[in-house]
K.L.:
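Take this structure first; my questions come after.
Below, read A as the first sequence line, B as the second, and so on, with proteins coming before strands; counting in each chain starts at 1.
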Protein chains: 2
Amino acid sequence: MAERGRPRNFDRAQALDRALMAFWQNGFAATSMNDLVEAMGINSPSIYAAFGSKEALFAEAVQHYHTAYADDLPAALKSAPDAAGGIEAMLEAAVELFTRANRPHGCFVVNSVASNAPNGIEIEQTLKELRQGRSKQIAERLTEDVRGGRLRDDTPVQELSDLYAAILQGLAQGARDGLAKERLLTIPRHSRALISPWMADKNSR
Amino acid sequence: MAERGRPRNFDRAQALDRALMAFWQNGFAATSMNDLVEAMGINSPSIYAAFGSKEALFAEAVQHYHTAYADDLPAALKSAPDAAGGIEAMLEAAVELFTRANRPHGCFVVNSVASNAPNGIEIEQTLKELRQGRSKQIAERLTEDVRGGRLRDDTPVQELSDLYAAILQGLAQGARDGLAKERLLTIPRHSRALISPWMADKNSR
DNA sequence: ATATTTCTGTGCTGATTGACACATAAATAG
DNA sequence: CTATTTATGTGTCAATCAGCACAGAAATAT
């Protein structure tokens, strides 16, 4: 089935990525349609025809970020043989993601917390779930190690997961505030100490 | 020397506190002058006469928050006999501050990250310094313990301070996202494990 | 070639924004 | 009392916001 009508004059995926960069840097509210027109290189009627509304464009940008940028984190979490290594790798991947050159610093999902839309209930809910989803992923990784006998049976999985998730969010804030990558990278290293009291081969609590 | 002219019809300090609540909840950009008029209970010309501009009002709200609300944190940091206890107390005080009922959740200074003003360079700089100031305060507390012999000489003070500061920011985000206080309070407890490898009476690293 | 469909660029719209002009009210100074 | 000073409330300003109407342009279908 061939396409009918005048073909689109721009690359939709590229335009979406540029919109993401604009939102990532300035947040939803502070990014005006004018800013988007400049960043995406197309006029506003084309934006509305292709994406629906500013809010729908933002929602697509969130999905795009999640699949194209933040995908390294769960991958790193599963990369190492044990949870301690996986979490450290995930935190390192996060620092890498949050401090890449020629790209806004910090985590897009975390940066978008305070930049709520006027009708922001829907997308706000999605963002909140994305943030809290990290804690669940970490909890699953820890549970694996408990089941595998590498962590003690009485390991407080949810509490440790919340703590690691908090560190992750702190890394995002620090990166956005301009902390140097080398300085941020010391954090994953020291975070290892949180889990060692719960290693199965230790008897000290 | 008596006052001249018609006296003010509202309590300036109370109006400032109400403005802080509005900014705390919705951020700078998303809080309109109309919102401020409602929250403060006075009309906009009176706001401008008393505070200058929306930006100046926000700057005063930042100072007010810092002195009237966030003052518990450095106090708690110095309360305990050792750094480990002081930091744990500070994190607990932070959770308390971030999850009080009848008040916006989260840290006002952290919430204000993404809500930058159009001419936000000045106040943004102040906010950034407030955030990074916590790390320095923690570092001072740790250094005290190193000097006092309670922590090893090779304790990585700055790295640990950055890590604790990251946890602090993570707590703020979690509180804003609606995590329950009891759940957040487990984080200060487990954070103790970060410092124990550097206690002087241990020989394991 | 003609009709149909879809995209593009110009330019507008009603609503909302931060900020203030103006006249009036309420206090003190003399 | 009158003059002066400062605060209040009504109403309004230009600027900006998100969104879209409209006409022309560029493709396919028949």
K.L.:
dA27(D), dC17(D), dA21(C): which one has an atom nearest the side-chain heavy atoms of Ser32(A)?
P.N.:
dC17(D)
K.L.:
On DNA chain D, nearest-nucleotide positions of Ser44(A) versus Ala49(B): which is more 5'?
P.N.:
Ala49(B)
K.L.:
For the pair Lys181(A) and Glu96(A), find out whether any cationic side-chain nitrogen is under 4.0 Å from an anionic carboxylate oxygen.
P.N.:
yes
K.L.:
Does Phe108(A) have its ring centroid less than 6.0 Å away from the ring centroid of Phe58(A)?
P.N.:
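Yes, close enough.
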K.L.:
With heavy-atom distances below 4.5 Å as the criterion, would you say the side chains of Leu57(B) and Tyr48(B) are in contact?
P.N.:
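Heavy-atom side-chain distance check fails, nothing below 4.5 Å.
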K.L.:
Report the distance from atom CZ of Phe51(B) to atom P of dG18(C), rounded to the nearest whole Å.
P.N.:
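Taking CZ of Phe51(B) and P of dG18(C), I get 16 Å after rounding.
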K.L.:
Base of dA25(D), side chain of Arg6(A) - is there a donor-acceptor contact under 3.5 Å?
P.N.:
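When only heavy-atom distances are counted, Arg6(A) does reach the base of dA25(D) through a donor-acceptor pair under 3.5 Å.
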K.L.:
Would Lys128(A) and Glu124(A) pass as an ion pair if we require N to O under 4.0 Å?
P.N.:
no
K.L.:
Between C1' on dC20(C) and CD1 on Ile47(B), what's the gap in Å once rounded to a whole number?
P.N.:
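Going from Ile47(B) (CD1) to dC20(C) (C1'), I get 13 Å.
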K.L.:
Which of these nucleotides, dT8(C), dA19(C), dT8(D), is closest to any side-chain atom of Arg8(B)?
P.N.:
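In terms of side-chain proximity for Arg8(B), the closest of dT8(C), dA19(C), dT8(D) is dT8(D).
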K.L.:
Distance check needed: dA3(C) P versus Arg4(A) CZ, whole Å only.
P.N.:
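So the two atoms are 16 Å apart, to the nearest Å.
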K.L.:
Expressed as a whole number of angstroms, how long is the span from Asn34(A):CG to dG19(D):P?
P.N.:
13 Å
K.L.:
For DNA chain C, whose closest nucleotide is more 5', that of Ser53(B) or that of Gly5(B)?
P.N.:
Ser53(B)
K.L.:
In this structure, how many angstroms lie between the P atom of dT17(C) and the CZ atom of Phe58(B), rounded?
P.N.:
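To the nearest whole Å, that distance equals 17 Å.
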K.L.:
What's the shortest heavy-atom distance between Leu73(A) and Met90(A), and which atoms?
P.N.:
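For Leu73(A) and Met90(A), the tightest heavy-atom pair comes out as O-CG, 3.6 Å.
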K.L.:
In whole Å, I'd like the distance from the CG atom of Asn26(B) to the P atom of dT17(C).
P.N.:
12 Å
K.L.:
The side chain of Ser46(B) is closest to which nucleotide in this list: dG18(C), dT8(D), dC17(D)?
P.N.:
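Closest nucleotide to the Ser46(B) side chain: dT8(D).
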K.L.:
With a 4.0 Å cut-off on heavy atoms, is Pro7(A) in touch with a base, just the backbone sugar-phosphate, or nothing at all?
P.N.:
sugar-phosphate
K.L.:
What is the distance, rounded to the nearest whole Å, between atom CG of Asn43(A) and atom C1' of dC20(D)?
P.N.:
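Nearest whole value for this atom pair: 13 Å.
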K.L.:
Provide, to the nearest angstrom, the distance between the OH atom belonging to Tyr48(B) and the P atom belonging to dT17(C).
P.N.:
12 Å
K.L.:
If you check every side-chain atom of Pro45(A), which of dT10(D), dT10(C), dG18(C) has the closest atom?
P.N.:
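Per side-chain heavy atoms of Pro45(A), the pick is dT10(C).
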K.L.:
Hey, which sits more toward the 5' end of DNA chain C by its nearest nucleotide, Met33(B) or Phe10(A)?
P.N.:
Phe10(A)
